[in-house]
Amino acid sequence: GDVYTVPITKDATSALIEVQTVYSFANVRLGDNQVIRQHDVGVLDCSDLSEERIIVPVVVTAVDGTTVRTYNIVLVRKGSEIAGKVITSNFENKHIAEIYVYKTEDTREIDDEENAREIIYSGYTNEDGSYEIELPSEGTYDIIFKKLGYLTHTITNIEVGEFEQVVLDDIELYAGDIDKTGEIELDDLVELNDHIGEMVNDDNKIFDLNEDGIINSIDRNILKKNYH
């Protein structure tokens, strides 16, 4: 039979479903209801939040009493989303960056050891730089992108409606903030120059801005291009 998909929120524990036949003498039965009638209403238990899809059969009996047709209402848990793409200086076009999402209304400090701002989501972009972040509910959010050796990029006050996917413009992350001051400046260039010619290891990987395994003039040119 026909399938009708209906979104419900990620945290919904019940759903009110109402069905009615087009023809006044036909009858309908919703789910496990035993009573057959022209109009049926049911409250479905959705308390098992691990169920991403809940199928509810709707059985319609025609006027002749023998012709029966079954439809399916599929309840699909769906959250609000933020999506987009970041671009880095990676030499293989693998634009991987960290992502952190916070509620805009939560104005606590991120690095407060006793009462830090709550992280709503943390994760990484896909290799191509794309991301789709599923949020717990509609609301207004801030999103922060981080990558070793790069300037942090922050977007605030992103308004996301119920079941809405907000697609942000592509974001270019700028490489060269070696000393993590929030600026790309002469001190960063001096530090990088001290490591030119080195093969990359855990101690010096912050200087390998294009992530090709060696610290060289390519990394220096990337930094100089982004120098302010």
Side-chain angles (χ1 to χ4, degrees), residues 3-18 43-56 73-90 93-177 180-184 226 228:
V3 176
Y4 299 90
T5 301
V6 179
I8 60 173
T9 60
K10 283 287 185 181
D11 56 357
T13 56
S14 64
L16 176 66
I17 301 175
E18 182 176 1
V43 177
L44 185 70
D45 179 13
C46 304
S47 57
D48 184 355
L49 299 182
S50 66
E51 287 187 291
E52 292 292 327
R53 293 166 57 88
I54 303 168
I55 300 174
V56 185
I73 297 175
V74 181
L75 305 180
V76 179
R77 294 192 185 278
K78 181 175 173 58
S80 303
E81 291 184 349
I82 298 174
K85 185 175 183 178
V86 301
I87 300 168
T88 70
S89 297
N90 181 276
N93 287 321
K94 294 181 179 179
H95 306 296
I96 299 172
E98 296 176 76
I99 306 174
Y100 297 88
V101 177
Y102 305 87
K103 281 273 194 177
T104 300
E105 64 192 29
D106 185 354
T107 58
R108 292 173 293 179
E109 295 295 327
I110 292 173
D111 55 359
D112 189 324
E113 293 183 0
E114 296 183 357
N115 188 27
R117 193 179 190 189
E118 181 185 2
I119 299 173
I120 302 301
Y121 170 88
S122 65
Y124 291 86
T125 62
N126 299 315
E127 276 198 355
D128 65 354
S130 65
Y131 58 89
E132 286 187 4
I133 303 167
E134 198 166 85
L135 304 169
S137 62
E138 61 182 308
T140 306
Y141 294 87
D142 298 344
I143 184 169
I144 296 176
F145 301 92
K146 293 183 177 181
K147 187 173 178 67
L148 185 68
Y150 284 66
L151 290 173
T152 296
H153 189 99
T154 302
I155 303 174
T156 60
N157 295 296
I158 306 167
E159 295 184 5
V160 188
E162 188 175 47
F163 306 133
E164 181 184 11
Q165 184 187 68
V166 174
V167 180
L168 302 176
D169 293 337
D170 289 356
I171 298 162
E172 183 176 0
L173 300 183
Y174 294 101
D177 186 17
K180 303 176 184 178
T181 61
E183 295 181 313
I184 299 172
N226 296 330
H228 297 293

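Note that the CD atom of Glu81 and the CD atom of Gln165 stand 5.0 Å from one another [nearest 0.5 Å]. In this structure, Arg53 CZ and Ile55 CD1 are separated by 6.0 Å, a value rounded to the nearest 0.5 Å. Note: Lys180 NZ to Leu148 CG = 6.0 Å, rounded to the nearest 0.5 Å. Distance check: Ile8 CD1 to Ser14 OG gives 9.0 Å after rounding to the nearest 0.5 Å. Remark: Thr152 OG1 to Leu173 CG distance equals 9.0 Å, nearest 0.5 Å. The SG atom of Cys46 lies 4.0 Å from the CD1 atom of Ile54; values are rounded to the nearest 0.5 Å.
By the 6.0 Å contact criterion, CD on Glu109 is open, its count of non-hydrogen atoms from other residues, nucleotides or ligands being 12 or less. In Asp169, the CG atom is not crowded: 12 or fewer heavy atoms of neighbouring residues, nucleotides or ligands sit closer than 6.0 Å. More than 12 non-hydrogen atoms from other residues, nucleotides or ligands lie less than 6.0 angstrom from CZ of Phe163.
Looking at every heavy atom in both residues, Lys103 comes nearest to Ile120 through N-CG1, 3.8 Å. Scanning both residues, Ile143 and Ile82, for their nearest heavy atoms gives CD1-CG2, 4.5 Å. Nearest heavy-atom pair across Asn157 and Thr140 is CA-CG2, 3.5 Å. Closest non-hydrogen pair, Thr125 versus His95, comes out as OG1-O, 2.9 Å. In this structure, Ser89 and Ala175 approach most closely via the heavy-atom pair OG-CB, 4.2 Å. The two residues Glu164 and Glu159 make their nearest non-hydrogen contact at OE1-O, 4.3 Å.
Side-chain atoms of Asn126 do not come within 3.5 Å of backbone N or O of Asp128 as any donor-acceptor pair. A donor-acceptor pair under 3.5 Å is formed between the side chain of Asp106 and the backbone N or O of Glu118. A side-chain donor-acceptor contact under 3.5 Å links Arg77 to the backbone of Ala12.
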CA sep, side-chain torsions, deciding dist, call: Tyr124, Ile99, side chain to side chain contact (heavy atoms under 4.5 Å, CB included): CA-CA 6 Å; Tyr124 291 86; Ile99 306 174; over 6 Å; no
Could you please spell out the steps behind the ring-ring contact (aromatic ring centres under 6.0 Å, His included) verdict for Tyr131 and Tyr121? CA-CA 12 Å; Tyr131 58 89; Tyr121 170 88; 9.0 Å; no
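No side-chain heavy atom of Asp142 sits less than 4.5 Å from a side-chain heavy atom of Ile144.
Side chains of Thr88 and Asn90: a donor-acceptor N/O pair is absent below 3.5 angstrom, by distance only.
When each of Thr154, Ile110, Thr156, Thr107 is paired with Tyr102, the side chain to side chain contact (heavy atoms under 4.5 Å, CB included) condition holds for Ile110 and for no other.
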